[in-house]
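The block underneath contains the structure these notes are about, expressed in structure tokens.
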Amino acid sequence: MDWLDEKLERLFFYIRNLSFRKAMLAYIFVLAGITAVLTYVTEAFCSYQKIPLAGEWCGYVYAFAGIIITIFVFYHKRLKKPFSILNESVDNIRCSNLDFHVSYDSKDEFGCLCGSVEAMRLELEKNKEELWRLVDRQKELNAAFAHDLRTPLTVLRGYTDFLARYIPEGKLSEEKVQDTLKLMAEHIRRLEDYSYTMKGIRSIEDVPLSLRKTTLHKLDSRVKEVIFALNQTGGIQIEYQGFNEELSLSADDGIIMEVLENLLSNAIRYAGTRIEVWMDYNSPERELIAVVRDDGPGFSEEQLTQAVKPYHKEFSADKEMEHFGIGLHISQELCRKHGGMLSVANSMLGGAAVTASFRSQ
């Protein structure tokens with residue numbers, strides 16, 4: 001009887017996928033047929049038994065009862081399940097729970113409606129994920145903005161301390177004072193440009209790469225200026241070994257300085273008393289390399305693999321506080337934008353060593 005089961009299954013599948021209009025007509029025709037048969041049988045029985053009036057009213061009774069039964073059957077078979085699915089879906093959406101699926105195995109109007117609700121759920125889920133991604137990007141951008149302001153402000157404070165310390169003693173010539181003020185003005189202008197740039201972007205990846213002609217000598221001078229100012233703040237002594245040759249290259253000196261300042265900021269946080277900065281240029285590979293090493297405790301095993309991830313929770317033993325790192329992540333993204341990379345390691349001499357590379361044009 002497998003063929004009969006197959007035929008019945010196909011029939012039930014066909015009926016289940018009928019539109020409401022066709023399904024209702026089918027239910028009415030079935031009701032009419034059953035009512036007619038029952039009325040005929042009842043009238044024949046009453047006539048045979050000679051029961052007066054019973055056969056005349058049985059058709060109305062069967063029709064009324066059939067209508068009630070048909071309504072209940074139609075609701076149970078065609079409406080109850082999709083209503084339940086849709087109500088549950090609406091409740092989940094109202095509670096901001098999108099971790100569910102809307103599925104109704106029918107091609108009728110409710111099947112189409114459930115499919116539309118599932119499509120809406122997927123779109124809401126996509127929009128929610130996009131919203132969280134934008135929030136995370138904005139959070140990262142805000143953290144980057146706050147982080148990147150710290151070192152330039154420290155540089156300005158170093159120049160201010162330098163002037164405040166030596167001007168009253170008369171140890172600075174007017175020319176030296178003017179040069180220092182000029183350097184401070186350049187750093188302030190750089191902060192203004194940086195603020196304007198950050199205002200117009202939505203994520204670190206959107207930071208523009210502005211390649212322009214420069215020289216190793218100019219980069220070397222800018223690095224020395226920053227290190228000189230940081231050395232005026234006291235506590236940590238920064239030693240610098242610069243380039244040994246004079247070459248022209250096409251690079252974004254703003255990004256290079258931002259990465260270097262981030263590395264110096266992190267090194268100052270963990271260094272004991274000394275930081276070493278070494279820079280070199282690989283002419284055949286057109287690669288600029290910067291290494292910052294401190295004499296602090298170095299990276300833990302976890303930090304060696306996690307330090308460049310955003311908001312990695314770092315612990316500074318000397319400061320006895322937790323720090324949610326963003327600087328190394330920012331530096332890594334900027335190095336990649338400039339065609340290079342960032343790597344972290346522990347120096348053989350002790351302390352942490354971070355290497356940044358940039359590809360020039």
Side-chain angles (χ1 to χ4, degrees), residues 142-199 214-244 246 253-279 290-297 316-321 323 326-327 330-331 351-352 354 356:
N142 292 340
F145 185 73
H147 184 280
D148 289 352
L149 286 179
R150 184 169 57 243
T151 303
L153 291 175
T154 303
V155 170
L156 290 173
R157 188 184 70 184
Y159 282 126
T160 303
D161 293 345
F162 173 73
L163 294 176
R165 185 184 305 122
Y166 293 112
I167 286 180
E169 299 177 4
K171 294 182 178 181
L172 296 179
S173 65
E174 183 178 348
E175 182 181 358
K176 182 62 176 177
V177 172
Q178 292 294 332
D179 289 342
T180 304
L181 292 175
K182 181 179 179 181
L183 291 175
M184 294 177 67
E186 290 178 356
H187 278 279
I188 292 174
R189 179 177 53 80
R190 181 187 166 202
L191 284 174
E192 292 175 345
D193 293 341
Y194 178 73
S195 300
Y196 179 79
T197 299
M198 295 296 282
K199 183 177 68 173
T214 186
T215 64
L216 295 181
H217 177 71
K218 290 181 180 180
L219 283 175
D220 191 67
S221 298
R222 293 189 63 178
V223 175
K224 287 178 178 177
E225 292 168 4
V226 171
I227 292 177
F228 172 80
L230 292 176
N231 278 331
Q232 305 307 310
T233 60
I236 306 296
Q237 183 63 32
I238 305 175
E239 300 177 2
Y240 173 62
Q241 179 179 342
F243 304 103
N244 296 321
E246 174 62 24
D253 53 354
I255 284 182
I256 294 172
M257 292 303 300
E258 185 175 346
V259 171
L260 181 62
E261 289 173 359
N262 275 334
L263 301 187
L264 284 170
S265 176
N266 279 4
I268 290 172
R269 181 181 298 112
Y270 296 101
T273 59
R274 188 165 59 89
I275 296 173
E276 294 179 355
V277 180
W278 174 74
M279 298 190 72
V291 181
V292 177
R293 188 185 75 83
D294 62 66
D295 62 349
S316 178
D318 57 335
K319 297 182 183 293
E320 298 184 352
M321 64 179 292
H323 171 71
I326 188 68
I330 296 171
S331 299
V354 182

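Taking 4.5 Å as the limit, some side-chain heavy atom of I188 sits within range of a side-chain heavy atom of L156. Contact annotation: the side chain of R222 approaches that of M257 to within less than 4.5 Å [non-hydrogen atoms, C-beta and beyond]. I330 has its side chain within reach of E258: a pair of non-hydrogen atoms, C-beta onward, lies under 4.5 Å apart. Using a 4.5 Å heavy-atom cutoff, the side chains of F243 and M279 are in contact. The shortest distance between side-chain heavy atoms of V277 and L264 falls below 4.5 Å.
In this structure, NZ in K176 is found 5.0 Å from CZ in F162, a value given to the nearest 0.5 Å. Annotation: the span from E174 atom CD to I167 atom CD1 amounts to 10.5 Å, rounded to 0.5 Å. Taking OH from Y240 and CG from L260, the interatomic distance works out to 8.0 Å, rounded to the nearest 0.5 Å. Atom-to-atom distance recorded for N231:CG and E239:CD is 9.0 Å, nearest 0.5 angstrom. Here the CD1 atom belonging to I268 is positioned 11.0 Å from the CG atom belonging to L263, to the nearest 0.5 angstrom. Between the CG atom of L230 and the OG atom of S265 there is a distance of 9.0 Å, given to the nearest 0.5 Å.
Residue E276 is tested with Q241, R293, Q237 for a side chain to side chain donor-acceptor pair (under 3.5 Å); the sole match is R293.
D220 approaches G242 most closely through the heavy-atom pair OD1-CA, 3.3 Å. Taking both residues in full, the closest heavy atoms of D295 and G272 are given as OD1-N, 2.6 Å, listed atom of the first, atom of the second, then distance. Considering all non-hydrogen atoms of both residues, D294 and A271 come closest at CB-CB, 3.7 Å. Scanning both residues, P168 and L163, for their nearest heavy atoms gives CD-O, 3.8 Å.
Looking only at atom types and distance, the side chain of Q232 has no donor-acceptor partner in the side chain of R157 under 3.5 Å away.
Without hydrogens or angle criteria, D253 side chain to T214 main chain gives no donor-acceptor distance under 3.5 Å.
Relative orientation of the Y159 and F228 rings is tilted, given thresholds of 30° and 60° on the angle between their planes.
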